Q: 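Can you keep this structure in mind? I'll have questions shortly.
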Amino acid sequence: MRGELGREPVCTLMRTADIRVCFIGDSFINGTNDPECLGWTGRVAASARRKGYNLTSYNLGIRRETSSDIAQRWFAEAQPRLPRHCKSGIVFSFGVNDTTLEDGQVRVPEARSVENTRQILSAATRLATVLMIGPPPTADAEQNGRIDVLSRRLHVVAEQATVPFLSVFEPLRQDSVWMSEVSADDGAHPRAEGYARLAALVEGWAHWWFPKG
C-alpha cells in the first residue's frame, strides 16, 4: 500500500516522510499568465517546504485541456511519480475548458464532464490520497453560469467518491483582485496576485495537507 497523506502527526510528516504530490489539470494548475511562473500550485508547494515538509511537487497542468483530455493521460503521468515508499497525493482541478463554447457548443457536455470526473476519482483514490479543487470563474458572465453549475455537480461526484472538494468559484467571483486581473488580462487567467488569492483559499482549507502554522 502507498503511504497516505493526512494520517500521521504533522511533526512526523515534517521530519521523516518523503512526500510526493501531483497537481493535475488545466491552465489554472499550470499557472498560465503568472509573471512569477508559480501559479497557485507553486505557491502552496513553496509554503509547504518553508514549513519543513519534505515535499516534491509535480505540476502536470496543460493549457486548454478538458476533463476528457485529463482522463486520458493522468494515470500514465502520475503513476511513475508516486513510488510506493512515499506519502503520495494527487490534487485535481479542471472544468473551465469543458464549459467553453466552440461552434456554439460546449467543448464537453456536462454529463460527460461528470462521468469523466467520476472515473478519474474512482481510479485515483486507489493510487494515492486525493483532493479536488473546483473550477474558478472567468470574466465571461455567461460562461460563469455554466462553470458554477458544473462546479456544483463535480462537488457531488467528489463527495460520492469521498474526495474532499474545495469550491473556489464563489469566493473568487467575489474577489476583486482575482476578477480585475482576469478581466485585465486574457479574460480567463489572473496574474501573480490573483493566483496568490487562490493559493490562500487552498491553504486555509481544513482538508489541505500542509496547513498554516
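Fair warning: this is a prediction, and the values are worked out from it, not measured in the lab.
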Q: So, do Trp40 and Ile29 sit near enough that their side-chain heavy atoms are less than 4.5 Å apart?
A: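 Trp40 vs Ile29: side chains touch.
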Q: Look at the aromatic rings of Phe28 and His189 and report parallel, tilted or perpendicular, splitting at 30° and 60°.
A: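 The arrangement is tilted - the two ring planes meet at 30° to 60°.
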Q: For Phe169 versus Pro135, what's the shortest heavy-atom pair and its separation?
A: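 Phe169 and Pro135 have their closest heavy atoms at CB-O, 3.7 Å.
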Q: Are Leu38 and Ile62 connected into the same hydrophobic cluster when the rule is that any two of I, L, V, M, F, W, Y join if their side-chain heavy atoms are below 4.5 Å apart?
A: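 In one cluster: no.
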Q: Is a salt bridge present between Glu115 and Arg112, judged by a nitrogen-to-oxygen distance below 4.0 Å?
A: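 Not counted as a salt bridge, because no side-chain N and carboxylate O are separated by less than 4.0 Å.
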Q: Are the side chain of Trp209 and the backbone N or O of Gly89 linked by a donor-acceptor pair below 3.5 Å?
A: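 Not confirmed, Trp209 side chain does not pair with Gly89 backbone.
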Q: Could you check whether Arg152 pairs with Glu159 (Lys NZ or Arg NE/NH1/NH2 to Asp/Glu carboxylate O, under 4.0 Å)?
A: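 Looking at Glu159 together with Arg152, the answer is no, because their closest N to O distance does not fall below 4.0 Å.
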Q: How long is the straight-line distance from CG of Asn144 back to OG of Ser151, given to the nearest 0.5 Å?
A: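 Answer rounded to 0.5 Å: 11.0 Å.
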Q: Would you check if there is a donor-acceptor pair between the side chains of Asn30 and Asn59 at a distance under 3.5 Å?
A: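 Judged by distance alone, the side chains do not pair up.
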Q: Would you say Met132 and Leu121 make side-chain contact, with heavy atoms under 4.5 Å?
A: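 Yes, their side chains come closer than 4.5 Å.
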Q: Would you say that Phe94 contacts Thr66 through its side chain, given a criterion of any heavy-atom pair below 4.5 Å between the two side chains?
A: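 SC-SC contact between Phe94 and Thr66 ruled out.
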Q: Which value, rounded to the nearest 0.5 Å, describes the distance between Gln79 atom CD and Trp74 atom CH2?
A: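 One finds 9.5 Å between CD of Gln79 and CH2 of Trp74.
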Q: Any non-hydrogen side-chain atom of Asp186 less than 4.5 Å from a side-chain atom of Asn33?
A: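 They are in side-chain contact.
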Q: Is the backbone N or O of Arg107 less than 3.5 Å from a side-chain atom of Glu102, with the two atoms forming a donor-acceptor pair by type?
A: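 Checked: no pair found.
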Q: Apply the test salt bridge (Lys or Arg N to Asp or Glu O under 4.0 Å) to residues Glu110 and Arg146: give CA-CA distance (whole Å), side-chain angles for both, the deciding distance (0.1 Å), then the verdict.
A: CA-CA 9 Å; Glu110 186 180 301; Arg146 297 189 294 273; over 6 Å; no
Q: From Asp98 CG over to Ile70 CD1, what is the distance, rounded to the nearest 0.5 angstrom?
A: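 Result: 7.5 Å between the selected atoms.
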Q: Can you check whether Ser122's main-chain N or O pairs, donor with acceptor, with Thr125's side chain at less than 3.5 Å?
A: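 Looks like yes, one N/O pair under 3.5 Å.
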Q: What closest approach, in Å, do Leu150 and Gly95 show between heavy atoms, and which atom pair accounts for it?
A: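 Distance-wise, the nearest heavy atoms are CD2-O, 3.5 Å.
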Q: Measuring from atom CZ of Phe92 to atom CG of Asp26, what distance do you get when rounded to the nearest 0.5 angstrom?
A: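 With rounding to 0.5 Å, CZ (Phe92) is 12.5 Å from CG (Asp26).
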Q: Is the side chain of Lys87 donor-acceptor paired with the backbone N or O of Arg20 at a distance under 3.5 Å, no angle test?
A: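 Not a single qualifying donor-acceptor pair exists.
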Q: Thinking salt bridges, do Arg197 and Asp175 make one under a 4.0 Å N-O criterion?
A: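 Answer for the salt bridge query: yes.
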Q: Counting only heavy atoms from other residues, nucleotides and ligands, does the tally under 6.0 Å from CD of Gln160 exceed 12?
A: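 Atom CD in Gln160 is crowded, with more than 12 foreign heavy atoms closer than 6.0 Å.
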Q: Check for a donor-acceptor pair, side chain of Arg64 on one end and backbone N or O of Asn97 on the other, with a separation under 3.5 Å.
A: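 No; judged by distance alone, with no hydrogens or angles, the pair does not exist.
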Q: I'd like to know if the side chain of Glu181 reaches the main chain of Arg191, judged simply by a donor and an acceptor atom lying under 3.5 Å from each other, with no hydrogens or angles considered.
A: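 Yes.
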Q: Is any NZ, NE, NH1 or NH2 atom of the basic residue among Arg43 and Asp34 found under 4.0 Å from an Asp or Glu carboxylate oxygen of the other?
A: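 Salt bridge between Arg43 and Asp34, a charged N being under 4.0 Å from a carboxylate O: yes.
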Q: Of all heavy-atom pairs between Ser47 and Glu203, which one has the smallest distance, and what is that distance?
A: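 Answer, listing the atom of Ser47 first, then Glu203: OG-OE2, 2.6 Å.
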Q: Quick one: does Arg81's side chain have a donor or acceptor within less than 3.5 Å of a partner on Glu77's backbone?
A: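 Checking the backbone N and O of Glu77 against the side chain of Arg81, a donor-acceptor pair under 3.5 Å is found.
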Q: Counting C-beta onward and ignoring hydrogens, is there a side-chain heavy-atom pair between Phe23 and Val44 closer than 4.5 Å?
A: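 The answer is yes, as the side chains (C-beta and beyond) meet within the 4.5 Å cut-off.
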Q: Atom CD1 of Ile90 and atom CD1 of Ile24: how far apart are they, to the nearest 0.5 Å?
A: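 So the gap between those two atoms works out to 5.0 Å.
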Q: I need the Leu60 CG to Cys22 SG distance, nearest 0.5 Å.
A: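 One finds 5.0 Å between CG of Leu60 and SG of Cys22.
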Q: Okay, side chain of Gln143, backbone of Val96: is any donor-acceptor separation there less than 3.5 Å?
A: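 Yes, Gln143 side chain to Val96 backbone: donor-acceptor pair under 3.5 Å.
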Q: Each residue besides Val156 in its hydrophobic cluster should be listed here, by chain and number; the cluster joins Ile, Leu, Val, Met, Phe, Trp and Tyr at side-chain heavy-atom distances under 4.5 Å.
A: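 None, because no other hydrophobic side chain comes under 4.5 Å of this residue.
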